[in-house]
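Step one of this worksheet: look at the structure below.
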Amino acid sequence: MAMNDSVTRVTSSHWGAFRVTTENGRIAAVTPFENDPCPSPISGVLPAAVHHRNRVRKPSVRRRWLENGPGETGLRDAPRGQDAFVELPWDEALDIAAREIDRVRASHGNESIFGGSYGWASAGRFHHALGQVHRFLNCAGGYVASVASYSTAAAQAIIPHVFGMNFLKLLWGNQNAWTTIAKNTRLLVMFGGINPKNSQVSMGGVTHHETRTWFDEFARRGIRRINIAPQRTDAPDGAEWVPVIPGSDTALMLALAHVLETEELLDRDFLARCATGYPRFSAYLTGESDGRPKTPEWAEGLTGIPAELIRQLARDMARERTLITVSWSLQRAEHGEQPYWMAAVLAAMLGQIGLPGGGIGYGYGAIGGVGVSVRRTDGLTFPQGCNPVDIAIPVARIADMLLNPGTPFDFNGRRLTYPDIRLVYWCGGNPFHHHQDLHRLHRAWQCPETIIVHEPWWTATAKRADIVFPATTPWEREDIGWARGDSYLIHMPKLIEPMGDARNDYDIFSDLAVRMGIGEQFTEGRDSSGWIGHLYRQFQENNAARGIEIPDLEELRERNWIDLPVRGPEHALAPFAAFREDPEGAPLDTPSGKIEIFSATIDEFGYDDCPGHPTWMPPGEWRGNSGRYPLHLVSPQPGDKLHSQLECAIADLPGERPAPVTVNPADADARGIRHGDPVKLYNARGICLARAVVSGDIMPGVVALSTGSWFEPDDNGTDTQGNPNVLTRDAGTSRLGQGCSAHSCLVDLAPDDGDPTVP
């Protein structure tokens with residue numbers, strides 16, 4: 001088709017499918033996909049974002065780096081983020097980058113190169129930034145990698161010790177489906193809620209948004225829903241709201257367990273058959289081992305929940321078919337491993353693990369694919385090859401690595417050492433969105449000799465690079481949209497020509513690879529179109545062997561999208577049913593073959609911040625020890641975007657920036673703040689501006705500021721857009737998980753009077 005024709009086609013994204021109309025070479029309009037029962041509104045700003053003035057138009061090199069060379073001393077005078085860029089032709093910029101990568105790997109070895117790709121760069125299966133940069137660096141001799149995620153690092157560390165399986169395997173293949181919950185669950189207890197706002201998105205896409213519609217069905221069926229969270233809006237309307245002090249969920253679970261134990265409401269037969277270590281844990285629960293029984297009265301002072309309400313909830317959970325769910329947000333806190341572990345113990349004590357609609361579930365509502373009844377299919381995956389460098393760090397410890405090369409640290413039973421990184425190659429994602437304590441990250445970002453970034457927009461990360469290559473968006477290239485947990489296969493056509501001189505990541509890496517003498521190894525003689533066809537044929541063959549018919553690529557191009565026959569209630573299986581029926585014949589892959597309530601493995605690690613069984617440990621920052629900063633800050637995912645994507649267009653909308661912070665009326669009144677007032681949040685780490693949303697839907701003593709605003713500090717260091725990660729704490733969840741602890745954060749709030757200082 002000619003690029004000046006008016007055409008409407010379906011395309012895909014991490015927040016779902018939608019129709020795009022192009023006119024005269026521009027994206028003119030976006031409309032919902034007709035097969036989606038609850039389409040996400042995120043795509044509404046797509047036309048403005050794709051054509052935004054903030055796009056990176058040409059290859060750009062930071063002026064002082066270009067003039068003085070890698071590691072130039074001018075960083076002290078003009079640090080990354082405060083220097084100008086020089087636009088260069090592609091050939092010159094690629095020559096410079098190839099020489100620099102070769103210099104670093106020759107002088108310092110590939111263990112001095114960090115291959116960063118963190119974020120949901122594209123829903124397309126081929127143009128997936130993480131796979132692209134990792135394949136390129138593997139061909140070039142390897143790189144230092146990162147493991148786990150900001151979203152689920154603590155969960156990924158603890159779940160294998162408890163259930164003997166990878167957390168993502170449990171997430172996608174061993175949880176109750178929505179259909180199973182609707183038929184069997186009578187009591188749904190949601191720690192951290194289940195928020196349809198978050199389920200707008202899923203890795204690779206979610207075409208059939210159904211979280212909210214299932215909650216409507218739960219209400220019709222009379223399923224009782226209990227939302228244990230600091231905000232009423234953390235679950236759909238109709239749920240009973242039990243406000244809880246952030247960071248205290250483990251204490252609440254322990255108190256519920258204490259009631260089950262002391263009132264003989266637990267299933268001792270299930271514990272004996274299917275779990276190990278309960279006597280050791282029980283001694284802690286009853287206070288035998290530490291002199292402190294974990295009673296509802298003990299928990300009341302920690303959680304803010306009345307003891308009698310805790311006692312009654314425990315009795316109700318024992319009486320009904322109960323599903324305990326835990327949001328991802330609970331493990332993004334200091335000691336974040338504990339609520340995930342303790343929730344499993346609580347479910348085991350109820351004895352309902354393995355029963356349809358009972359037991360334990362993690363991450364419902366966190367992403368759209370969880371809970372969907374779908375047959376898993378083999379995927380379209382761009383091969384990354386093998387990494388010759390056997391060094392990896394937890395992804396949330398990037399600033400620690402850059403600031404402390406050569407320093408040892410603990411991670412999940414291993415003693416590791418931070419490498420000395422000289423070059424960072426970042427392709428896909430915006431660490432100045434995901435990371436905590438952004439002023440600390442900014443300081444860490446000055447340490448490498450060279451930083452190379454691919455980016456469509458001038459994000460905070462791009463502004464802090466030395467070489468920036470302009471990358472295409474998913475709507476400026478051809479790809480295939482498909483995701484595990486989704487039934488739709490979508491041809492994503494190239495809708496418009498790239499903005500400026502932007503190129504796709506594959507073409508950039510191909511040109512670099514040729515310059516570095518690894519061109520054939522990287523491309524295998526294929527261009528982008530050749531790889532898409534090759535991967536698609538493999539996809540067809542793999543699924544044909546499983547009885548799933550996939551049309552030819554040309555047919556898919558013509559049809560635009562198809563709904564594969566892999567979604568339906570017949571694919572909803574009861575998780576852990578075989579294990580429950582015969583724990584000896586179908587054991588878990590734990591040392592005991594059972595659910596590990598006490599883990600000898602973890603106990604032997606000797607971590608005081610993650611003992612051998614679930615334990616209440618107050619976070620370093622929480623309302624029980626507030627001191628100067630009396631408000632607990634939670635920083636949930638935004639409702640108007642995926643992470644920080646498309647933010648440049650959202651920030652242009654009237655009244656949208658700085659971002660809104662939700663505050664309880666009592667806390668607002670005490671500070672002379674009214675609804676809509678400009679305010680500033682602050683602690684010892686920083687200051688950010690926001691606008692007040694005064695609401696009774698958040699409990700007193702807690703404020704909520706969503707992530708997603710781009711980091712834009714003024715000359716005084718105050719973030720002007722409302723980015724909560726200026727305030728959050730950059731420390732690991734524990735030595736076991738080393739995950740993100742953003743939700744262990746105390747702040748105060750004041751009217752914004754224009755004074756750059758705080759009260």
Side-chain angles (χ1 to χ4, degrees), residues 94 97-122 124-149 166 168 203-204 378-395 397-398 401-402 416-429 431 448-455 465 467 469 471 479 503-528 530-532 534-535 538-539:
L94 289 165
R99 285 196 301 268
E100 176 59 6
I101 298 168
D102 279 338
R103 180 193 72 82
V104 171
R105 62 179 182 155
S107 300
H108 305 289
N110 283 72
E111 62 272 16
S112 68
I113 298 174
F114 182 70
S117 181
Y118 188 85
W120 300 24
S122 171
R125 299 304 299 162
F126 173 67
H127 292 291
H128 178 53
L130 181 146
Q132 294 286 341
V133 67
H134 288 176
R135 178 182 175 88
F136 168 74
L137 291 175
N138 283 337
C139 291
Y143 63 99
V144 172
S146 62
V147 295
S149 74
N166 178 280
L168 296 180
M203 286 83 81
D378 291 334
L380 283 146
T381 304
F382 185 48
Q384 298 180 23
C386 296
N387 188 352
V389 175
D390 187 22
I391 303 174
I393 65 157
V395 70
R397 304 273 59 79
I398 290 171
M401 173 186 70
L402 296 178
L416 304 174
T417 301
Y418 287 124
D420 186 2
I421 297 300
R422 304 301 182 97
L423 184 147
V424 172
Y425 205 128
W426 202 281
C427 175
E449 295 174 0
T450 300
I451 297 175
I452 304 174
V453 167
H454 295 197
E455 180 58 63
I467 301 172
F469 290 129
D479 214 331
R503 296 183 181 178
N504 66 62
D505 297 319
Y506 179 77
D507 288 347
I508 297 171
F509 285 128
S510 296
D511 288 342
L512 285 173
V514 169
R515 286 166 167 79
M516 295 168 59
I518 54 173
E520 181 61 29
Q521 184 181 354
F522 178 75
T523 68
E524 297 184 18
R526 300 184 184 96
D527 59 10
S528 295
W531 269 109
I532 290 171
H534 174 70
L535 296 175
Q538 289 183 335
F539 180 66

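Any value given below was found using the heavy atoms of this structure, including those in side chains, with hydrogens, waters and symmetry copies removed.
With contacts defined as side-chain heavy-atom distances shorter than 4.5 Å, the pair Gln132/Phe382 qualifies. Between Ile101 and Leu423, some side-chain heavy-atom pair lies under the 4.5 Å cut-off. Looking at heavy atoms from C-beta onward, Tyr425 lies in side-chain contact with Leu512 at the 4.5 angstrom threshold. By the 4.5 Å heavy-atom criterion applied to side chains, Thr523 and Tyr506 are counted as neighbours. Here the side chains of Ile398 and Ser146 are not in contact, with every heavy-atom distance at 4.5 Å or above. Using a 4.5 Å heavy-atom cutoff, the side chains of Arg397 and Tyr418 are in contact. Counting only heavy atoms from C-beta outward, the side chains of Leu94 and Arg503 approach each other to under 4.5 Å. Asn110 has its side chain out of reach of Pro388: every pair of non-hydrogen atoms, C-beta onward, lies at least 4.5 Å apart.
Qualifying salt bridge (Lys or Arg N to Asp or Glu O under 4.0 Å) partners for Arg526, counting only residues two or more places apart in sequence or in other chains: Glu524. Residues forming a salt bridge (Lys or Arg N to Asp or Glu O under 4.0 Å) with Arg422 (at least two apart in sequence, or on another chain): Asp420, Glu449. Phe114 pairs by the ring-ring contact (aromatic ring centres under 6.0 Å, His included) definition with nothing, not counting sequence neighbours.
Relative ring orientation between Phe126 and Trp531 is described as parallel, the plane-to-plane angle staying below 30° on a 0-90° scale split at 30° and 60°.
Contact detail for Asn138 and Gly385: the closest heavy-atom pair is ND2-O, 3.6 Å. The heavy-atom pair separating Gly141 from Arg105 by the smallest distance is N-NH1, 4.5 Å. Of all the heavy atoms in Ala148 and Val395, the pair that sits closest is O-CG1, 3.8 Å. Annotation for Ser117 and Cys427: closest pair OG-O, 2.6 Å, computed over non-hydrogen atoms. The nearest pair of heavy atoms linking Thr450 to Glu100 is OG1-OE2, 2.7 Å. In terms of heavy atoms, Ala140 sits closest to Met516 at CB-CE, 3.9 Å.
Put simply, CG on Asp479 and CG on Leu535 are 9.5 Å apart, with the number rounded to the nearest 0.5 Å. In this structure, CD1 on Ile113 lies 8.5 Å from CD1 on Ile452, to the nearest 0.5 angstrom. Note that the CG atom of Leu168 and the CE atom of Met203 stand 6.5 Å from one another [nearest 0.5 Å]. Separation of atoms CD (Gln384) and CG (Leu130) is listed at 5.5 Å; rounding is to 0.5 Å. The line from CG of Leu137 to CZ of Phe509 is 6.5 Å long, rounded to the nearest 0.5 Å.
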TODO: Tell me, with the steps shown, if Asp505 and His454 meet side-chain hydrogen bond (donor to acceptor under 3.5 Å, both in side chains).
DONE: CA-CA 7 Å; Asp505 297 319; His454 295 197; 2.9 Å; yes

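Remark: aromatic rings of His134 and Tyr143 are close, center separation under 6.0 Å.
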